[in-house]
Every structure is written in C-alpha cells, then in structure tokens.
Protein chains: 2
Amino acid sequence: MKRPEASYSPAKTRIVDAALALFAEHGVGGTSLQMIADTIGVTKAAVYHQYNTKDEIVLAVAQVVLARLESAATLAEAERSRARAREVLIGAMVDLAVERRQLASVLQRDPVMLRFLQEHEPFRQVMARVNRLLMGGASGAPARVRAAILAAAIAGAVVHPLALDLDDESLRRELLKQVRKLFPNR
Amino acid sequence: MKRPEASYSPAKTRIVDAALALFAEHGVGGTSLQMIADTIGVTKAAVYHQYNTKDEIVLAVAQVVLARLESAATLAEAERSRARAREVLIGAMVDLAVERRQLASVLQRDPVMLRFLQEHEPFRQVMARVNRLLMGGASGAPARVRAAILAAAIAGAVVHPLALDLDDESLRRELLKQVRKLFPNR
DNA sequence: GTCTATAAATCGATAGAC
DNA sequence: GTCTATCGATTTATAGAC
C-alpha cells in the first residue's frame with residue numbers, strides 16, 4: 001500500500017468521502033463525477049483539479065478503505081500464534097465493517113471495485129496477507145472456503161436488510177460470536 | 001413473482017444472458033445497452049425492440065434470478081418442521097449459488113440490483129419469504145444476524161478469489177458443511 | 001481552489017425502412 | 001427482428017479566467 005504520506009487536503013477528503021457514500025448507494029459504475037461534484041457543492045472542474053480521472057478517485061477511495069485493513073493485518077501478524085493472529089484480524093474486520101457499514105460494502109461487493117483490487121498490485125498484496133491470516137496456515141479447500149465465508153459474511157451481513165435496524169453494538173457482538181462458530185477447535 | 005408465462009423468445013433470452021454476464025463483470029450501473037448489443041452482435045435498436053428501457057432488462061434479469069429462489073422457497077415451505085424447511089432452503093441456495101456463481105453474485109451484491117429488489121414489491125415478497133425461512137421462527141438479533149450471515153456467505157463466498165479455482169463439487173460440499181456450523185442444535 | 005464554457009464521446013431512447 | 005440514422009441529455013475531460 002501507499003506510504004503514510006497519504007495526507008489529503010480538505011478538498012480531496014471531501015471528494016473521497018462523497019465518492020464513498022455515492023459508490024455505496026449507486027455502485028462505482030453508476031456514480032458520475034457530476035454526482036460527486038453536486039454532493040459537495042462544487043463544479044466538475046473543481047473535482048478534476050484534485051483528481052485527473054475518475055479512476056484516480058476510485059483509487060483514492062480504495063486506499064482509504066484498505067489502509068485500515070492493512071494496519072489490522074500488521075497488528076495481527078505481530079501475534080505469536082496463527083490462531084491468535086486470525087482472532088485479532090477477524091475482530092478488527094468486524095469492528096471496521098460494523099463501524100462504517102457502507103465502507104466494507106463498497107470494498108468487497110462492488111464489481112468495479114473488486115476488479116480494481118485485483119488489477120492493482122499493492123491491493124492484491126494486502127488482500128493476500130488478509131487471506132493468509134484468515135486461512136491460518138492451512139491451504140486446502142476447507143480453509144479456503146472458510147476464509148471466503150468469513151470475508152463474505154462480515155462484509156455482506158452488515159449491510160443486509162435484516163441487519164439494517166440493529167444497533168452497532170448488538171450487531172458487532174452477534175456477528176463476532178457467530179462467525180467464531182465456523183472454527184472447529186473450541 | 002411473475003407467472004410461469006415468463007417464456008422468453010430466443011432474442012430475449014440472448015439479451016438476458018448477455019446482460020447477466022456483463023452485470024456480473026461491470027455492475028448494473030456500469031453496463032450500457034451498447035455493451036449488451038455488442039456482446040450478442042446486434043445494434044442497440046434491436047435490443048430496444050425487445051425491451052423498451054434498460055430497467056426492463058434489469059427486471060428480466062432479476063426475474064430469472066429470483067424465479068429459482070422462489071421455487072426453492074416454495075419447496076422449503078412444504079416441509080413439516082421449521083428446521084427441515086431451513087435445511088432445504090439452504091441446500092437449494094448453495095446449489096444455486098455454486099452452479100451459477102455470477103448469478104448469485106449479481107443478485108445479492110450489486111448496489112443497483114439491490115435497490116431494484118427493494119423497490120419492486122414482488123421481489124420484496126420473495127426475499128421476505130426467504131428471510132423468514134432462514135430465521136426459522138425466531139425474530140431476535142441472533143436469528144437476524146444468522147440469516148444475514150447465511151445469505152451473505154453463500155452469495156459472497158462462491159465468487160471470492162479464494163473459491164475461484166475450486167471445482168463446483170468441492171465448493172458445494174464445503175460451503176454446505178461449514179454453513180451448517182452456524183446453527184447451535186447439532 | 002473554484003469558476004464558466006466547451007469539446008468529444010457515449011448514454012438511453014425513438015423513427016422509419018427493410 | 002434487425003438495420004441506419006438521429007435526438008437530446010449526460011459523460012469524461014480540458015482550457016482559461018478569477
């Protein structure tokens with residue numbers, strides 16, 4: 001990922017925030033620069049002054065989203081056992097997903113964003129680290145499917161209609177509790 | 001949902017098939033009628049002769065996708081116990097998701113499609129039946145979160161990068177096995 | 001940083017011939 | 001059913017003033 005030099009100007013921050021909200025609602029492909037400009041109350045030209053292309057905005061949004069995931073991965077990798085590492089990462093992923101529900105949604109569900117993550121090497125590396133941690137040392141079909149379920153469940157459940165009217169704390173607790181059932185050893 | 005009268009002409013079938021594939025790759029919002037026309041080798045006007053608006057195409061795709069889910073729900077509702085009904089539905093959902101992976105993906109993950117499902121009453125009714133079956137009679141936070149996890153995990157895991165190179169049978173078996181762990185009583 | 005103005009391409013959608 | 005041709009709106013993107 002990018003260095004911590006990723007300090008954004010107020011203008012850029014407003015653009016990224018607006019883009020994230022719009023991406024969550026209309027999808028990346030269904031969000032135009034005009035919509036972003038209207039949301040923050042400026043013209044398209046002002047947006048283009050900060051980001052030269054739409055792809056750069058998608059990139060910036062992806063960076064914000066993945067930065068927290070990466071720091072969670074780094075924290076998890078510092079644990080002594082693989083089981084502890086996985087536990088820490090899952091906890092962080094649940095916290096992140098619940099705290100900013102639409103953020104997780106955009107990251108792991110939007111088709112355009114998923115393509116972006118696969119095509120940009122820095123993102124792929126973060127996802128590879130996360131996947132390795134979730135699989136906990138194994139590499140067979142059970143571990144792969146379990147990791148896929150974990151990632152999909154966390155990102156998907158928080159924006160499911162059934163979870164919409166749950167308060168954050170209830171959702172966080174239940175999600176963490178039930179997701180732990182997926183592991184055999186307890 | 002619509003009556004079984006939903007028999008499509010060859011032309012309409014080609015359009016819906018192409019649209020489904022493109023929706024999965026670029027998202028609904030990122031797919032134009034030109035892209036659909038190019039994929040099946042005709043002009044936009046030919047597409048418009050079958051469907052008067054883009055929304056009608058999205059509707060047709062949603063109908064194809066939800067028709068199988070609805071028949072699975074009907075089958076499940078015929079079971080005697082709620083536990084059996086849930087079991088049957090989950091089995092059908094896993095089969096459906098694995099068999100046509102991108103189909104499940106588009107249905108439950110695309111932001112535009114999700115909006116569509118919420119705004120059209122017939123779709124909402126099917127989803128309400130599915131959710132009721134997944135919750136198995138309960139209505140509290142645990143049941144809600146469990147149902148949300150189930151739906152998100154099944155639809156999301158089948159298109160997760162870690163599951164891409166698994167053959168259908170392995171994926172189906174593991175997914176079903178692990179998803180069952182979410183239930184306390186066994 | 002933000003604006004007006006505009007270019008060039010593409011969007012969804014329609015008319016009418018075959 | 002499919003085509004050519006076109007409309008008006010919207011898209012990404014740029015030039016240049018303030």
Side-chain angles (χ1 to χ4, degrees), chain A residues 5-64 106 110-113 115-116 119-120, chain B residues 5-64 106 110-117 119-120:
Chain A
E5 44 86 355
S7 57
Y8 297 102
S9 65
K12 281 190 173 175
T13 301
R14 281 202 311 270
I15 291 173
V16 169
D17 285 349
L20 177 57
L22 288 168
F23 288 171
E25 190 169 351
H26 304 103
V28 177
T31 300
S32 69
L33 296 183
Q34 185 67 67
M35 292 162 73
I36 296 174
D38 288 347
T39 299
I40 59 183
V42 297
T43 62
K44 275 187 299 179
V47 175
Y48 272 107
H49 184 257
Q50 306 295 336
Y51 295 102
N52 292 325
T53 65
K54 184 182 175 182
D55 271 10
E56 281 184 27
I57 298 179
V58 178
L59 195 79
V61 170
Q63 256 161 13
V64 167
V106 171
D110 189 281
V112 180
M113 187 63 82
R115 291 222 123 202
F116 228 85
E119 283 166 10
H120 285 67
Chain B
E5 44 87 353
S7 59
Y8 297 103
S9 66
K12 281 189 173 174
T13 302
R14 282 202 310 271
I15 292 173
V16 168
D17 286 349
L20 176 57
L22 288 167
F23 288 171
E25 191 169 350
H26 304 102
V28 176
T31 300
S32 69
L33 295 184
Q34 186 67 67
M35 292 163 73
I36 296 174
D38 288 348
T39 299
I40 59 183
V42 297
T43 61
K44 271 191 302 179
V47 175
Y48 271 105
H49 184 258
Q50 305 296 336
Y51 295 102
N52 292 325
T53 66
K54 185 181 176 182
D55 272 8
E56 282 184 24
I57 299 179
V58 178
L59 195 79
V61 170
Q63 255 160 13
V64 167
V106 170
D110 189 283
V112 180
M113 185 63 80
L114 286 172
R115 292 220 125 203
F116 227 85
L117 296 184
E119 283 166 10
H120 286 67

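No hydrogens, no waters, no symmetry mates; every other heavy atom, side chains included, goes into these values. We name chains A, B, ... by the order of the sequence lines, and we start the count at 1 in each one.
With distances taken from any side-chain atom of B:Val42 to the nucleotides D:dC3, D:dT11, C:dT2, the minimum falls on D:dC3.
The nearest whole Å value for the distance from the OH atom in A:Tyr51 to the C1' atom in D:dT12 is 17 Å. Between B:Ile57 atom CD1 and C:dC11 atom P there is a gap of 13 Å when expressed in whole angstrom units. Computed from coordinates, the B:Gln34 CD to C:dA13 P distance equals 14 Å when rounded to whole Å. For the pair A:Ile36 CD1 and D:dT11 P, the interatomic distance rounds to 11 Å; values are reported in whole Å. Protein atom CE of B:Met35 is 14 Å distant from nucleotide atom C1' of C:dG12, rounded to whole Å. With rounding to whole Å, B:Asp38 atom CG is found 14 Å from D:dT2 atom P.
Put simply, CG on A:Asp110 and NE2 on A:His26 are 12.5 Å apart, with the number rounded to the nearest 0.5 Å. For the atom pair NE2 (A:His120) and CG (A:Asp55), the distance works out to 7.0 Å, reported to the nearest 0.5 Å. With values rounded to the nearest 0.5 angstrom, A:Thr43 atom OG1 is found 8.5 Å from A:Gln34 atom CD. The CD atom of B:Glu119 lies 11.0 Å from the CG atom of B:Leu114; values are rounded to the nearest 0.5 Å.
One finds no side-chain N or O of A:Thr43 lying less than 4.0 angstrom from the OP1 or OP2 phosphate oxygen of C:dT4.
The minimum heavy-atom distance linking B:Tyr51 with B:Glu56 is given by the pair CA-OE1, 3.8 Å. Here the closest heavy-atom approach between residue B:Ala24 and residue A:Pro111 is recorded as O-CB, 3.8 Å. Nearest approach of B:Val112 to B:Gly29, heavy atoms of both residues: CG2-N, 3.9 Å.
Residue A:Thr13 forms a side chain to side chain contact (heavy atoms under 4.5 Å, CB included) with just one option from A:Val16, A:Asp17, A:Ile15, and that option is A:Asp17. Each of A:Thr53, A:Val28, A:Thr31 was evaluated against A:Val58; a single residue qualifies, A:Val28, per the side chain to side chain contact (heavy atoms under 4.5 Å, CB included) test.
Contacts between residues 15-32 of chain A and DNA chain C, defined by a heavy-atom separation below 4.0 Å, involve no residue at all.
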Exercise for the section: Could you run through nucleotides 13-18 of chain D and give me one letter per nucleotide, 5' to 3': B if any protein heavy atom sits under 4.0 Å from the base, S if only the sugar-phosphate is that close, - if neither? Expected result: BBB---
